[in-house]
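What follows is a single structure, written as structure tokens, with notes after it.
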Amino acid sequence: MHRLTVTPAIRTPVALVVPVWRTLPWRALGVAGAVGLLPAALTRLPGPPPGPLESVTLLRAAVLAFSLGLAFLLDDPARHTTAPVPVRRPVRTALRAALVTPVAALWWTAVLLLVPGPARPPAGDITLEAGTAFLLAAAGATAAVRHTDTPEPGRAVAVALLTAAVVAPLLLPARWALFVTPADPRWAAGHERWAWVLAAAAVAGAVSLREPRSRRPVLGSASLRSPCGTSGPSRRW
């Protein structure tokens with residue numbers, strides 16, 4: 001019988017699962033998830049059941065709250081001080097996303113189930129909006145890590161995401177409306193646009209997965225050394 005061999009290309013990412021799990025921003029995600037559950041829980045308060053407009057507004061508020069937590073996905077205070085690892089940045093970023101995805105899926109399922117069935121907007125369409133917002137947050141964090149030296153870009157990404165969420169409904173022309181209600185005849189067309197935004201966010205995130213651009217050495221320096229004392233520059237997130 002042939003023994004199954006595990007190549008180093010597989011063994012190394014597997015070995016990183018526990019260390020990466022420990023460095024994920026669980027506090028930010030926990031706070032964002034708890035805050036995001038509150039709008040959905042409001043639909044269960046005693047009194048008249050919420051209408052479609054109220055329900056979709058509360059669900060979008062919940063999505064925004066959790067998206068702000070995902071903006072911190074790639075925060076790493078030790079980004080410039082940790083030793084190099086033999087795994088390229090796309091693999092490390094994908095590992096972080098893979099560990100958070102089941103948590104996000106469970107959270108979103110709980111949010112949907114909190115909203116009473118008759119008042120719940122079409123699950124597939126509102127899930128498309130949620131997935132797009134989550135991917136935009138992750139793509140923003142990926143781009144920030146690639147193009148800046150900031151070890152914790154989450155706060156700036158969260159501010160940009162919040163600003164876009166506030167400004168977009170005010171500035172988008174009616175023919176490009178995204179934030180429509182289920183009763184609006186533009187609902188189906190609006191979610192076709194959501195699909196395009198999702199695709200654009202996926203492409204932008206994939207492009208930003210490449211290793212950060214190399215910085216020019218400081219004038220007069222003979223060579224670059226990693227912060228931890230190794231002979232070459234450390235590989236960053």
Side-chain angles (χ1 to χ4, degrees), residues 6-26 28-29 32 63 66-105 107-108 127-165 194-216 224 226-228 230 232-237:
V6 180
T7 64
I10 298 176
R11 189 186 305 119
T12 304
V14 170
L16 287 175
V17 169
V18 174
V20 169
W21 177 272
R22 291 174 178 172
T23 60
L24 284 170
W26 292 118
L29 290 172
V63 168
F66 196 76
S67 299
L68 296 179
L70 287 175
F72 296 85
L73 179 63
L74 300 184
D75 278 19
D76 182 9
R79 176 181 172 191
H80 299 304
T81 58
T82 51
V85 295
V87 179
R88 296 187 65 81
R89 180 169 169 263
V91 177
R92 305 195 304 273
T93 302
L95 180 57
R96 284 199 165 212
L99 292 174
V100 169
T101 296
V103 177
W107 176 86
W108 178 241
T127 299
L128 173 62
E129 294 186 24
T132 303
F134 297 165
L135 187 55
L136 282 171
T142 305
V145 168
R146 169 165 167 74
H147 295 288
T148 72
D149 285 324
T150 306
E152 296 179 281
R155 183 175 300 178
V157 175
V159 170
L161 189 65
L162 180 60
T163 303
W194 276 107
W196 281 107
V197 176
L198 176 67
V203 171
V207 171
S208 297
L209 278 175
R210 294 175 295 173
E211 298 291 344
R213 293 178 176 177
S214 59
R215 268 52 175 184
R216 292 183 177 180
L224 289 176
S226 70
C228 55
T230 56
S234 64
R235 185 174 293 165
R236 301 174 300 214
W237 279 96

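Residue numbers start at 1 and run along the sequence shown.
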At their closest point, which heavy atom of [X] faces which heavy atom of [Y], and how far apart are they?
X	Y	answer
Thr142	Ser208	CG2-O, 3.4 Å
Ser67	Ala137	O-CB, 3.4 Å
Val20	Arg96	CG1-CG, 3.6 Å
Ala195	Leu128	N-CD2, 4.0 Å
Leu99	Pro102	O-CD, 3.6 Å
Gly140	Val157	O-CG2, 3.7 Å

Those residues that, when tested against [X], pass side chain to side chain contact (heavy atoms under 4.5 Å, CB included) (two or more places apart):
X	result
Ala139	none
Ala201	Leu135, Leu136
Ala97	none
Ala141	Leu74

Among residues at least two apart in sequence or on other chains, which ones pass ring-ring contact (aromatic ring centres under 6.0 Å, His included) with Phe66?
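Partners of Phe66 under the ring-ring contact (aromatic ring centres under 6.0 Å, His included) test: Trp107, Phe134.
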
The criterion is ring-ring contact (aromatic ring centres under 6.0 Å, His included); which residues satisfy it with Trp196, sequence neighbours excluded?
none

Roughly how far apart are [X] [atom1] and [Y] [atom2], rounded to 0.5 Å?
X	Y	atom1	atom2	value
Leu209	Arg92	CG	CZ	11.0 Å
Leu161	Leu70	CG	CG	9.5 Å
Phe72	Glu152	CZ	CD	9.0 Å
Arg146	Thr93	CZ	OG1	11.5 Å
Leu68	Leu29	CG	CG	11.0 Å

Quick one: side-chain hydrogen bond (donor to acceptor under 3.5 Å, both in side chains) pairs with a partner in residues 129-140, sequence neighbours left out?
Arg60-Glu129, Glu129-His191

